[in-house]
2 protein chains.
Amino acid sequence: MSHDCRVDTALEILVGKWKHHILFQLMKHDVMRFSELKRAIPGITQKMLTSQLRELEANGIVDRKVYAQVPPKVEYMMTAYGESLQPVLAAMHEWGEKHVQYLQSRDTNKQVQRPPESNDWI
Amino acid sequence: MSHDCRVDTALEILVGKWKHHILFQLMKHDVMRFSELKRAIPGITQKMLTSQLRELEANGIVDRKVYAQVPPKVEYMMTAYGESLQPVLAAMHEWGEKHVQYLQSRDTNKQVQRPPESNDWI
DNA sequence: CAGCATCCCCTCAGATACTG
DNA sequence: CAGTATCTGAGGGGATGCTG
């Protein structure tokens, strides 16, 4: 009743300037080291990457594996539970694409059609 | 910046402390006046309600109908296009519910690992 | 390599007051 | 009734430096 809806719960997980980029990478690559993630997400700082990963970890979305060695090696991967976000992200991605087209067709007619992309969500 | 996925496009529409509450109400009621929305969403201020509605309107999600009369009367409703958000919100809501349960079961029983594959989320 | 610690800025959103 | 107009504080996020 007062649950209104749990959309905000999902939003809390996804909101954050970089969180869905991280999820995108981890869903694409299975396992990634910290530096790999940083390289794969242009513009992100260590601080942001760390904090966002910590939040995702605290929510059970990603797993963190630390190897006791020097130099340090830390691997990140989606948890099985985290994978359950896939349909949600897919729905958002799909709608987002439609919305981009919608805005283009609405705002102006001289706008060129969007070129094909290769790195979409599954 | 990120051309690899359109999740952020959907996020831009949904993010905002009150936006999904407004969408929830408008999807439930078809047509609502400004004051009805304000009453239906406890805690929201006029400023927030106005600004969020303006953004939704600018994105073609909601429609604003002004009656030229005194006192003023303004009605808000989902656009046909805005209705296309419904499956996205439904997916997020569904996942949010599962996540709440997941957090509860994880917090109340920290020793036992939850079997990830035998589940019905999604 | 993978971080933590600081400092700082800027936006979001709350409170309050005013208006056609 | 349905809005504007201001002021303000909190915190999300950036830049930089240090460390095991």
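Naming convention: chains lettered A, B, ... in sequence-line order (proteins, then strands); numbering from 1 in each chain.
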What integer distance in Å separates [X]:[atom1] from [N]:[atom2]?
X: B/M32; N: D/dC1; atom1: CE; atom2: P; result: 14 Å
X: A/Q69; N: C/dC1; atom1: CD; atom2: C1'; result: 10 Å
X: A/K38; N: C/dC4; atom1: NZ; atom2: P; result: 15 Å
X: B/K65; N: D/dA2; atom1: NZ; atom2: P; result: 14 Å
X: B/E12; N: C/dC12; atom1: CD; atom2: P; result: 11 Å
X: B/R39; N: D/dC1; atom1: CZ; atom2: C1'; result: 11 Å
X: B/L37; N: D/dA2; atom1: CG; atom2: P; result: 9 Å
X: B/L53; N: D/dT4; atom1: CG; atom2: P; result: 11 Å

> Same hydrophobic cluster for A/L11 and B/V100, using side-chain heavy-atom links shorter than 4.5 Å among ILVMFWY?
Replying inline: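 No; tracing contacts between hydrophobic side chains, which count when under 4.5 Å, never links both residues.
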
>> So, using side chain to side chain donor-acceptor pair (under 3.5 Å) as the criterion, who are the partners of B/S84 when residues are at least two apart?
In response: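 B/S84: side chain to side chain donor-acceptor pair (under 3.5 Å) contacts with A/W95.
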
> Taking only residues two or more places apart in sequence or in another chain, which ones pass side chain to side chain donor-acceptor pair (under 3.5 Å) with B/K19?
Replying inline: B/E55

>> Nearest to the A/R64 side chain among D/dC1, C/dA2, D/dG3, which nucleotide is it?
In response: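 The answer is C/dA2, which lies nearest to the side chain.
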
Kindly list each side-chain donor-acceptor pair under 3.5 angstrom involving residues 63-77 of chain A, sequence neighbours excluded, with atom names and distances?
| from | atom 1 | to | atom 2 | distance (Å) |
| --- | --- | --- | --- | --- |
| A/R64 | NE | A/Y76 | OH | 3.1 |
| A/Y67 | OH | A/E75 | OE1 | 2.8 |
| A/Y76 | OH | A/R54 | NH1 | 3.4 |

> Only one of B/I22, B/L56, B/I61 forms a side chain to side chain contact (heavy atoms under 4.5 Å, CB included) with B/M78, so which one is it?
Replying inline: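 So the option named by the test is B/I61.
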
Would you say [X] reaches [N]'s phosphate, i.e. side-chain N/O to OP1/OP2 under 4.0 Å?
X: B/S35; N: D/dA2; value: yes
X: A/R33; N: C/dA2; value: yes
X: B/Y76; N: D/dC1; value: no
X: A/R54; N: C/dA2; value: no

>> So if I define the base as every atom that isn't primed, P, OP1 or OP2, how would nucleotides 6-20 of chain D read as a B/S/- string at a heavy-atom cutoff under 4.0 Å?
In response: B------BBB----B

> So do the side chains of B/L26 and B/L37 get within less than 4.5 Å of each other, counting heavy atoms only?
Replying inline: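 SC-SC contact between B/L26 and B/L37 confirmed.
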
>> Angle between the end axes of the helix from C/dC1-D/dG20 to C/dG20-D/dC1, five pairs per end, to the nearest 10 degrees?
In response: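 Rounded value for the end-axis angle: 50°.
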
> A/H29 side chain to A/Q25 main-chain N or O, any donor-acceptor pair under 3.5 Å?
Replying inline: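 At least one qualifying donor-acceptor pair exists.
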
>> Angle between ring planes, A/H99 versus A/Y102, binned at 30° and 60°: parallel, tilted or perpendicular?
In response: parallel

>> Test of understanding: with side-chain contact (heavy atoms from CB on, under 4.5 Å), list the residues that count as partners of A/T45, not counting sequence neighbours.
In response: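 Listed in chain order: A/K47, A/M48.
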
